[in-house]
> 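Pasting a structure here, questions to come.
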Amino acid sequence: MARWAEFAATLDAVSRTPSKREKVTLLAAYLRRLPEEALRVACTYLTGRVLPPGDPDKLQIGWSTIVEVLKELSGATDREVSELYLRWGDLGDVAAELVARRRAVPLFREPLTLEGAHAQLRRAAAARGKGAAEFRAAVLRALLEQAQPMEAKFLVRVLTGDLRIGLKEGLLQEAVAEAFGARPGAVRRADLLSSDLGEVACQARRGELAAASLRYFRPFRFMLAGTLADPAEPFHDGPQEVLAEDKYDGVRVQVHRLGDRVTLYSRTLDDVTDSFPELRQPLLQLGPAYIADGELVAWAGQRPAPFQRLQQRLRRLDPFQVAEQVPVALFLFDVLKLGEQDLMDLPLAERRQRLQAMEFSGPVRLASARPVRDVASLREAFRDARERGNEGLVVKRLDAPYRPGRRGGLWLKWKEPLATLDVVVVGAEYGHGKRAGWLSDYTFAVWDGDRLRVVGKAYSGLQDAEIAELTQFFLHHTVRDFGHFKAVEPKVVLEVAFDAVTRSDRHDSGYALRFPRIVRVRADKTPREASTLEEVEALYRQQREG
DNA sequence: GTCACCGAGCGGC
DNA sequence: CTCAGACCGATTCGG
DNA sequence: CCGAATCGGTCTGAGGCCGCTCGGTGAC
């Protein structure tokens, strides 16, 4: 059995050093010492999850449950917890502190082990029905009662899915490789194909990594796209042909079909087949044995419907009831396996040819794409994609293999913000983690006559120095102080960009923005010069008309 | 005892 | 999904 | 020609809105 205390101490050591190499070395040395089951558990936890992706059980222990249990354990009040949180900016640190002042410290403390804790958490994840929530809380309570402060800190961080030790996926794979003398590339490949690093680590130790391969009904990581900075970018290394493919605004899915089985996997590798029963027949018909990649969209007869419509069908348990109201279309753009032949390393041009030869029917369609050789045609393709009601383009190198889990230059997405608005900041909140102590999160509004109506919040886009400056400013211009949240004088104007406007009852304007990000502080504008609700409404109508 | 609603958790972008 | 910042290896520049 | 500065790739961390499901709870 492997002690949780050692696991925690290792994570703590890793978090202390800024050097990536040293992080990897520290972790590798620890992993090497672990027995099999502990190794599996440790590696899964190090990915910030208790269960591997795709596991049908979900832990369902979140922020609130943890806070409730910590309060019971320590006798702390809501106010104390929130003050501690303001100080630390991290629930794990709060847990460490509160566990240290537990009311009833058990006389005999069984040391926590990775194996033991995991067995308990597994049971919690499997709980269903009446009393399930209470059972989950009880499991957590029992674990925290046994835990030392440092152990509690990392238990809570595993539960919140955020280790904050400056080591995640890539470095974790390196650590596993270093621990067992495997090639980093081999570990990475195996991880991307199985997405279960715990399992991969065990294989690495046994020297069985090479066996990893594409298998039916073993979903693997999706290939991702980087962001296109400039439309000329794809042609920078001289003239060449790239594929300009429509970027559909929907949900990415991986389709596995073999025998009489068809399964759709989401990006988290969860099985979402049952939400889309009408796709089964056309997918059976598409071919006898294949793995394909595509985007599932809500479909309005001739063109795509907004993403929100599709959400109504996601994870829906009674799909037949809404299937008629929210029809979908599945646009396939890649094929990774045909029969027993692995196509991943073939160039996209060839994969696309194989895909085009398949038997498309009904709602299963071929994604719209065309080869282009210059910037002018690329721009034209972008306009056409927008005409068809799509978000923009994904520009793909025709010579590129399929690289699971990679977000590189082989695929580049090109979309444009819908617009920008000049908004007035009316509230500011303290950030989390490394933003603890900074007012880094801004609630903003637009004018409705002479009233300010909130349209959203934004965080990203500002540089640390600007956040520091705004923090000082807002501390001096706070109207009402709610602790974590401060209502501030409407003085600061921000320019925010966003991809869409949605109707929403979250804010009093009746609207919200999709993907808001701060472009800059408009020091040159007075609050009165900020945008109006009419402008927001106009944008909302404009995007609907496409 | 039933039902409607709410909050929490999760995963989609 | 977004963007900023940190680290690290590779490349370029200056002495 | 070598060491220093800089560049680019890759990774990490922080936080936004939407809609579904489930368990718990309060109203009737």
Side-chain angles (χ1 to χ4, degrees), chain A residues 17-23 48 53 58-68 89-90 127-137 159-174 224-227 247-253 266-270 272 275 295-297 306-319 322 391 406-409 413 415 417 429 431-436 438 440-444 455-467 496-507 511-519:
Chain A
T17 169
S19 157
K20 292 183 177 181
R21 298 278 18 119
E22 201 178 329
K23 284 175 192 286
K58 305 288 162 192
L59 192 57
Q60 307 239 84
I61 295 178
W63 223 84
S64 302
T65 310
I66 297 170
V67 168
E68 279 314 302
D90 177 274
R128 298 282 188 287
K130 194 167 154 54
E134 178 47 38
F135 179 68
R136 294 190 170 103
L159 296 180
T160 56
D162 196 4
L163 260 29
R164 303 193 52 237
I165 58 172
L167 174 147
K168 282 211 309 215
E169 198 172 7
L171 296 179
L172 188 50
Q173 289 160 354
E174 280 184 46
L224 305 169
T227 310
K247 185 177 190 307
Y248 297 89
D249 187 9
V251 168
R252 190 83 179 270
V253 289
S266 73
R267 244 162 86 140
T268 48
L269 312 187
D270 288 303
V272 296
S275 297
E295 186 91 1
L296 185 57
V297 297
F307 180 75
Q308 270 172 282
R309 301 236 69 200
L310 181 65
Q311 273 183 303
Q312 294 174 352
R313 291 204 48 187
L314 254 36
R315 254 169 327 212
R316 188 88 182 210
L317 290 184
D318 57 341
V322 274
E391 277 189 300
R406 293 300 267 270
R407 164 169 277 131
K413 61 184 159 201
K415 54 179 189 175
E429 273 170 77
H432 310 261
K434 68 178 175 190
R435 297 254 175 102
W438 302 105
S440 58
D441 192 325
Y442 311 116
T443 301
F444 53 75
V455 285
K457 280 166 70 173
Y459 42 94
S460 92
L462 290 182
Q463 294 172 0
D464 289 358
E466 295 175 300
I467 294 174
V496 293
F498 47 92
D499 287 8
V501 180
T502 55
R503 291 242 62 160
S504 159
D505 48 20
R506 189 185 199 85
H507 307 300
Y511 294 92
L513 310 180
R514 179 141 88 132
F515 306 141
R517 61 255 188 204
I518 301 167
V519 180

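So you know, we letter chains A, B, ... as the sequences are listed, proteins then strands, and number each from 1. Fair warning: this is a prediction, and the values are worked out from it, not measured in the lab.
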> So, under a plain 3.5 Å distance rule, would you say the side chain of Gln311(A) forms a donor-acceptor pair with the base of dC18(D)?
yes

> Give the nucleotide from the list dC10(B), dC20(D), dA8(B) with an atom nearest to the side chain of Ser64(A).
dA8(B)

> Could you state the CG-C1' distance from Leu314(A) to dC17(D), rounded to the nearest angstrom?
15 Å

> Please state how far atom CG in Leu159(A) lies from atom C1' in dA8(B), giving the value in whole angstrom units.
15 Å

> Give Arg136(A) one of three labels, base, sugar-phosphate or nothing, depending on what nucleic acid heavy atoms sit under 4.0 Å from its own.
nothing

> Looking at every strand, decide which applies to Leu462(A) at a 4.0 Å heavy-atom threshold: base, sugar-phosphate, or nothing.
sugar-phosphate

> So, does Arg517(A) get its side chain near the phosphate of dA4(C), meaning an N or O under 4.0 Å from OP1 or OP2?
no

> Compare the minimum distances between each of dG9(C), dC11(D), dA14(D) and the side chain of Arg21(A), then state the nucleotide with the smallest one.
dG9(C)

> Relative to the 5' end of DNA chain C, which residue comes earlier, Asp464(A) or Asp499(A), by the nucleotide with the nearest heavy atom?
Asp499(A)

> May I ask you to evaluate whether Arg506(A) reaches the phosphate of dC18(D), defined as a side-chain N or O under 4.0 Å from OP1 or OP2?
yes

> Reading DNA chain C from 5' onward, which residue's closest nucleotide shows up sooner: Tyr459(A) or Ala465(A)?
Tyr459(A)

> Between Gln308(A) and dG19(D), is there a contact of a side-chain N or O with OP1 or OP2 at under 4.0 Å?
yes

> For dA8(B), take OP1 and OP2 only and decide whether either is under 4.0 Å from a side-chain N or O of Thr65(A).
no

> In whole Å, what is the span from the CZ atom of Arg164(A) to the P atom of dA6(C)?
15 Å

> When you measure from the side chain of Leu317(A), which nucleotide among dC22(D), dC18(D), dA14(D) comes out closest?
dC22(D)

> Taking OH from Tyr442(A) and C1' from dC17(D), how many angstroms apart are they, rounded to a whole number?
20 Å

> If the cut-off is 4.0 Å, is Arg128(A) near the phosphate of dG23(D), judged by side-chain N/O to OP1 or OP2?
no

> Taking the side chain of Arg315(A) as heavy atoms from C-beta outward, which of dC17(D), dC10(B), dG11(B) is closest to it?
dG11(B)

> Under 4.0 Å between a side-chain N/O of Arg435(A) and OP1 or OP2 of dA14(D), yes or no?
no

> Going by atom types alone, do Thr268(A) and Ser266(A) pair a side-chain donor with an acceptor below 3.5 Å?
yes

> Roughly how many Å apart are dC6(B) and dG5(C), using the P atom of each and rounding to a whole number?
41 Å

> What's the NZ-C1' distance between Lys58(A) and dG9(B), to the nearest Å?
11 Å

> Taking all non-hydrogen atoms of both residues, which atom of Arg503(A) and which atom of Gln308(A) are closest, and how far apart?
O-NE2, 4.2 Å

> Looking only at side chains, do Thr160(A) and Asp162(A) share a donor and an acceptor under 3.5 Å apart?
no

> Mind checking if Lys415(A) touches a base, just sugar-phosphate, or nothing, with heavy atoms under 4.0 Å?
sugar-phosphate

> Starting at CG of Leu167(A) and ending at P of dC7(C), how long is that distance when rounded to a whole Å?
14 Å

> Consider salt bridge (Lys or Arg N to Asp or Glu O under 4.0 Å). Of Lys23(A), Lys20(A), Lys168(A), Arg21(A), which one does Glu174(A) pass it with?
Arg21(A)

> Atom CZ of Phe307(A) to atom P of dG19(D): distance rounded to whole Å?
10 Å

> What pair of heavy atoms forms the shortest contact from Ala458(A) to Ile518(A), and how long is it?
CB-CG1, 3.8 Å

> With side chain to side chain contact (heavy atoms under 4.5 Å, CB included) as the test, would you mind laying out the steps for Lys434(A) and Asp464(A) before giving the verdict?
CA-CA 11 Å; Lys434(A) 68 178 175 190; Asp464(A) 289 358; over 6 Å; no

> Can you name the one residue among Val496(A), Leu462(A), Asp499(A) that meets side-chain contact (heavy atoms from CB on, under 4.5 Å) with Arg517(A)?
Asp499(A)

> Report which part of the nucleic acid Thr502(A) touches: base, sugar-phosphate, or nothing (heavy-atom distance under 4.0 Å, all strands).
sugar-phosphate

> Which part of the nucleic acid, if any, lies within contact of Gly129(A), taking any heavy atom under 4.0 Å across all strands shown: a base, the sugar-phosphate backbone alone, or nothing?
sugar-phosphate

> Closer than 4.0 Å, any side-chain N/O of Ser266(A) to the OP1 or OP2 of dG11(B)?
no

> Expressed as a whole number of angstroms, how long is the span from Arg313(A):CZ to dG19(D):P?
16 Å

> Output yes when at least one side-chain N/O atom of Lys413(A) is less than 4.0 Å from OP1 or OP2 of dT2(C), else no.
yes

> Side chain of Lys20(A), heavy atoms from C-beta onward: which of dG24(D), dC20(D), dC7(C) has the nearest atom to it?
dC7(C)

> Distance to the ring centre below 6.0 angstrom and angle to the axis at most 45 degrees; does that hold for Arg514(A) and Phe307(A)?
yes

> Using a cut-off of less than 4.0 Å, is there contact between a side-chain N or O of Lys168(A) and OP1 or OP2 of dT12(D)?
no

> Just call it for Ile467(A): base, sugar-phosphate, or nothing, with non-hydrogen atoms closer than 4.0 Å on any strand.
nothing

> Ser440(A) side chain: which of dC18(D), dG15(D), dC13(B) is closest?
dG15(D)

> Can you tell me if the side-chain N/O atoms of Ser504(A) get under 4.0 Å from OP1 or OP2 in dC17(D)?
no

